[in-house]
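The structure appears right after this line, and notes come after that.
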Amino acid sequence: MEITLNHYLAVAATLFVIGLMGVIIRRNLLVIYMSLEMMLQAANLTLVAFSRFNHRIDGQVFVFFVITVAAAEVAVGLALIVALYRLKQTTQVQDLTTLKF
Amino acid sequence: METFFFWLFSIGMILFGLGVILNRNAVASALCFAFTIVFMSALFVMLSAFFLAAVQILVTAGAVMVLFLFIIMLLDLTAMEHVPRQKVWMGCALVLGLGFIYIVARTLYATPGGSITADSTPLPLQTSDDTHQIGRLLFTTYVAPFEITSLIILVATIGVIVLCKQDEPRPPSPGEDATRKTPPVESKKETSLTR
């Protein structure tokens, strides 16, 4: 069986769904953040697959930007989590209900 | 052979991805995430994106995961693992995930992507080096986003320093030192609240 573009897209979609489910079912802010990161990487896999099967390398340049911005974003997000932990002494989302309507 | 390795790396990646969201220990989740990234880099190699595979391992599995592990161990989250799971949310997640998978499967069956194979036409990527091409594109077509990315990193660095700056406890002024002595934790909380 030949590996086609659809195989890669299906695998990336599965990884994206796993990240989405992690965001919904987990209660720890750090693990939720990791799941978000996983969704981002699934999108990266899609972009690289499209770039490969369309014979254009622009998609890989885009993935390069995504990885860079994701790394910066992780640093800022973890700093926010640390600041939140200093304020509230917790990283569980059910304890952070100040803005809840 | 390519088929075998594709399934090996894909299934490994998905299993470790499930490990991220099913492990109760945050450190184990982080390690599973690192392995997910390693398997994804293997898939990048199969897609002949060698430069991105190296960058992925260096940046995501190396730097980002070390940052995650550092924060997990800094905050010491081992005491919070015994919260019972909520079945309602797991059901919601399952329904949402299966619905998403169904939509994607319908879309993939409707599009001609299943007939596009890697060997249908000769590849420009496989013969020449992809690093060369990416570098050329970065400094010609995409030079403006490249420079803006450097600005983003600078802003992120400054932002992290501002966010994580510990407020130093104020030196007691001469009039109030003996009468009023607040514990350091309380004063820290107070100052960070008033900021």
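Here is how names work: the chains are called A, B, and so on, in the same order as the sequence lines, proteins then strands, and each is numbered from 1. This structure is a prediction, so every number in the text was calculated from the model and none was measured.
Scanning for salt bridge (Lys or Arg N to Asp or Glu O under 4.0 Å) contacts around A:D58 gives A:R56, with sequence neighbours left out.
Considering only heavy-atom pairs separated by less than 4.5 Å from chain A, the leading option among B:I71, B:V104, B:T141 is B:I71. With chain B as partner, the option from A:T14, A:T68, A:I32, A:L20 having the largest number of non-hydrogen pairs under 4.5 angstrom is A:T14. When B:A63, B:G135, B:P145 are compared by the number of non-hydrogen pairs under 4.5 Å with chain A, B:P145 comes out ahead. Taking B:F44, B:F6, B:F70 one by one and counting their heavy-atom pairs under 4.5 Å with chain A, the maximum is reached by B:F6. Residue with the most contacts toward chain A among B:I134, B:L18, B:L52, B:T157: B:L52 (heavy-atom pairs, distance under 4.5 Å). The choice from A:V63, A:L9, A:L30 that makes the most heavy-atom pairs within less than 4.5 Å of chain B is A:L30. Ranking B:L98, B:L138, B:I153, B:V88 against chain A, the residue ahead of the rest is B:L138, based on heavy-atom pairs under 4.5 Å.
When every heavy atom of B:G97 is checked against every heavy atom of A:V17, the shortest pair comes out as CA-CG1, 3.5 Å. Scanning all heavy atoms of the two residues, the minimum distance from B:L163 to A:A83 falls at O-CB, 4.1 Å. Counting all heavy atoms, side chain and backbone alike, A:Q60 lies closest to B:D130 at OE1-OD2, 3.9 Å.
B:T111 contributes atom OG1, which lies 7.5 Å from atom CG of A:L5 (distance to the nearest 0.5 angstrom). Considering SG of B:C164 and CG of A:L78, their distance stands at 9.0 Å, rounded to 0.5 Å. Atoms CZ and CD1, on B:R136 and A:I57 in that order, are 11.5 Å from each other to the nearest 0.5 Å. Taken from CG in B:L75 to CG in A:N28, the straight-line distance is 9.0 Å, to the nearest 0.5 Å.
A single hydrophobic cluster is seen to contain both A:L15 and B:L8, as judged by linkage of ILVMFWY side chains at heavy-atom distances under 4.5 Å, directly or through other members. Two different hydrophobic clusters hold B:L31 and B:V66 under the rule that ILVMFWY side chains link at heavy-atom gaps under 4.5 Å. Connection of A:V61 to B:I148 is not established within any shared hydrophobic cluster, with ILVMFWY side chains joined at heavy-atom distances below 4.5 Å, either directly or through further cluster members. By the rule that hydrophobic residues join a cluster once side-chain heavy atoms approach within less than 4.5 Å of another member, A:L84 and A:V74 end up as members of one cluster. At a threshold of 4.5 Å between side-chain heavy atoms, the hydrophobic network of Ile, Leu, Val, Met, Phe, Trp and Tyr places B:L22 and B:M13 in one connected group.
Between B:V20 and A:I18, the closest side-chain pair of non-hydrogen atoms is not below 4.5 Å. Using a 4.5 Å heavy-atom cutoff, the side chains of A:I3 and B:W7 are in contact. Considering only heavy atoms from C-beta on, B:Y109 stays 4.5 Å or farther from A:N6 through its side chain. Taking the side chain as every heavy atom from C-beta outward, B:L96 and A:M21 never approach each other to under 4.5 Å.
Taking the six-membered ring wherever Trp is involved, the centroid distance between the rings of B:Y142 and A:F62 does not fall below 6.0 Å.
Pairs engaging residues 30-45 of chain B under the salt bridge (charged side-chain N to carboxylate O under 4.0 Å, His left out) rule: none recorded [sequence neighbours left out].
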Would you be so kind as to tabulate the donor-acceptor pairs closer than 3.5 Å made by side chains of residues 34-49 of chain A, with sequence neighbours excluded?
residue	atom	partner	partner atom	Å
A:S35	OG	A:V31	O	3.0
A:Q41	OE1	A:N44	ND2	3.2
A:Q41	OE1	B:Q56	NE2	2.8
A:T46	OG1	A:A42	O	3.0

Given the rule in the side chain to side chain contact (heavy atoms under 4.5 Å, CB included) test, do A:Y85 and B:L74 qualify, once you have shown the distances and angles that lead to the verdict?
CA-CA 11 Å; A:Y85 187 81; B:L74 179 75; over 6 Å; no

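Contacts between B:A105 and chain A at a heavy-atom distance below 4.5 Å are absent for every atom of the residue. Contacts between B:F146 and chain A at a heavy-atom distance below 4.5 Å involve backbone atoms as well as side-chain atoms. The part of B:F33 that comes within reach of chain A is its side chain, from C-beta onward, which places non-hydrogen atoms under 4.5 angstrom from that chain. Residue B:S29 touches chain A through both its backbone and its side chain, counting heavy-atom pairs closer than 4.5 Å. Both the backbone and the side chain of B:L67 come within less than 4.5 Å of a heavy atom in chain A. Within the 4.5 angstrom heavy-atom criterion, only side-chain atoms of B:V59, from C-beta onward, approach chain A. Within the 4.5 angstrom heavy-atom criterion, only side-chain atoms of A:F65, from C-beta onward, approach chain B. Contact of A:L80 with chain B is made through backbone and side chain together, with heavy-atom distances under 4.5 Å. Both the backbone and the side chain of B:T3 come within less than 4.5 Å of a heavy atom of chain A.
Residues of residues 34-43 of chain B that come closer than 4.5 Å to chain A, counting heavy atoms only, are B:T36, B:I37, B:M40, B:L43, ordered by residue number.
A:R26 places a side-chain N or O within donor-acceptor distance of the main-chain N or O of B:I21, the cut-off being under 3.5 Å.
Ring orientation note: the planes of B:F100 and A:F16 are close to parallel, at an angle under 30° on the 30°/60° scale.
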